[in-house]
Amino acid sequence: HVQLVESGGGSALAGGSLRLSCTVSLYPFNTRCMGWFRQVLGNQREGVAVIDPGARRTTYADSVKDRFTISQDNAKNTVYLQMNSLKPEDTAMYYCAARHSLIGCPSRPMNPSDYDFWGQGTQVTV
């Protein structure tokens, strides 16, 4: 049974920081494309940050570049999203996602439809 469990959400003041964690029960872990997405009620889910560990490449939405950092700890099967300089417009439900494929990220890494497994989400309020 595949599980993605997010944690670390909560409230922060504008300009503050939060770190989200997502522990993944998928094996192997260190070659999968993993991503963070967010959704505001009534809006479509959007990609925030994606990591392709095999290619050692990360991709960010323009709105979070230079403020958010995605990383992973293979020993803990965990992917992180460090969020700095938070803005009110970052308020959303944040979801962790993983692809079933072991061959890295697709050509459109920020497309939610290309991800197979999802966490339950964690709320971030700024």
Side-chain angles (χ1 to χ4, degrees):
H1 178 63
V2 176
Q3 282 192 307
L4 283 73
V5 181
E6 299 107 332
S7 61
S11 297
L13 296 175
S17 299
L18 286 172
R19 188 176 81 154
L20 306 183
S21 300
C22 175
T23 301
V24 182
S25 66
L26 274 171
Y27 304 92
F29 171 77
N30 60 353
T31 61
R32 286 181 198 274
C33 182
M34 299 286 303
W36 285 96
F37 296 77
R38 66 186 181 188
Q39 187 171 21
V40 175
L41 192 62
N43 291 356
Q44 289 186 338
R45 192 167 296 188
E46 63 175 4
V48 175
V50 168
I51 185 165
D52 186 338
R56 298 186 180 183
R57 181 169 56 227
T58 56
T59 305
Y60 295 93
D62 288 343
S63 59
V64 306
K65 276 181 183 175
D66 300 323
R67 298 189 299 122
F68 291 10
T69 303
I70 188 170
S71 62
Q72 65 182 74
D73 184 332
N74 293 331
K76 297 181 178 179
N77 263 42
T78 300
V79 62
Y80 302 98
L81 184 68
Q82 177 67 42
M83 304 186 295
N84 299 329
S85 303
L86 283 163
K87 303 176 179 180
E89 50 263 45
D90 294 320
T91 296
M93 185 73 79
Y94 283 71
Y95 297 90
C96 174
R99 281 174 53 81
H100 182 268
S101 171
L102 299 179
I103 58 172
C105 293
S107 57
R108 299 176 303 168
M110 306 289 258
N111 182 7
S113 299
D114 289 329
Y115 291 78
D116 306 291
F117 306 107
W118 292 85
Q120 80 286 353
T122 185
Q123 178 68 37
V124 171
T125 302
V126 183

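Note that the numbering runs from 1 along the sequence shown for the chain.
- Counting heavy atoms from C-beta on, the side chains of V79 and I70 come closer than 4.5 Å.
- L81 and F29 fall within the same hydrophobic cluster, defined by Ile, Leu, Val, Met, Phe, Trp and Tyr side-chain heavy atoms under 4.5 Å apart, directly or through other members.
- Contact check for Q3 versus V24: no side-chain heavy atoms found under the 4.5 Å cut-off.
- Smallest separation of non-hydrogen atoms from L18 and S11: CD2-O, 4.4 Å.
- Nearest approach of T78 to S21, heavy atoms of both residues: CG2-CB, 4.2 Å.
- A heavy-atom distance below 4.5 Å is found between the side chains of Q82 and R19.
- At least one side-chain heavy atom of V50 sits under 4.5 Å from a side-chain heavy atom of M110.
- No side-chain heavy atom of R57 sits under 4.5 Å from any side-chain heavy atom of P109.
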Can you check side-chain contact (heavy atoms from CB on, under 4.5 Å) on Y115 and C33, steps first, answer last? CA-CA 9 Å; Y115 291 78; C33 182; 3.3 Å; yes
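- The heavy-atom pair separating G47 from A61 by the smallest distance is O-CB, 3.5 Å.
- Relative orientation of the F117 and H100 rings is tilted, given thresholds of 30° and 60° on the angle between their planes.
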Derivation and outcome, side-chain contact (heavy atoms from CB on, under 4.5 Å), residues L102 and R32: CA-CA 5 Å; L102 299 179; R32 286 181 198 274; 3.4 Å; yes
Could you walk me through whether K76 and T23 pass side-chain contact (heavy atoms from CB on, under 4.5 Å), step by step? CA-CA 7 Å; K76 297 181 178 179; T23 301; over 6 Å; no
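- Under the 4.5 Å side-chain heavy-atom criterion for Ile, Leu, Val, Met, Phe, Trp and Tyr, L86 and V48 are members of the same hydrophobic cluster.
- L20 and Y80 fall into different hydrophobic clusters, where Ile, Leu, Val, Met, Phe, Trp and Tyr side chains are chained together by heavy-atom contacts under 4.5 Å.
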Could you go step by step and tell me if N77 and Y27 meet the side-chain contact (heavy atoms from CB on, under 4.5 Å) rule? CA-CA 9 Å; N77 263 42; Y27 304 92; 3.3 Å; yes
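- To the nearest 0.5 angstrom, T59 atom OG1 is 13.5 Å from R108 atom CZ.
- Summarising the geometry of A12 relative to S17, their closest heavy-atom pair is CB-O, 4.4 Å, with the distance given to 0.1 Å.
- Between H1 and S25, every side-chain heavy-atom pair lies at or beyond the 4.5 Å cut-off.
- E89 has its side chain out of reach of V126: every pair of non-hydrogen atoms, C-beta onward, lies at least 4.5 Å apart.
- L26 contributes atom CG, which lies 12.5 Å from atom CZ of R99 (distance to the nearest 0.5 angstrom).
- Contacts classified as side-chain hydrogen bond (donor to acceptor under 3.5 Å, both in side chains) and involving residues 36-54 (residues at least two apart or in different chains) are given here: R38-E46, R38-S63, R38-D90, R38-Y94, Q39-R45.
- The shortest side-chain heavy-atom distance between M83 and R67 does not fall under the 4.5 Å cut-off.
- Looking at every heavy atom in both residues, M34 comes nearest to L4 through CE-CD2, 4.5 Å.
- Note: the hydrophobic cluster containing I51 also contains Y60 (ILVMFWY, side chain heavy atoms under 4.5 Å, direct or indirect links).
- Under the 4.5 Å side-chain contact rule for hydrophobic residues, M93 and F37 share a cluster.
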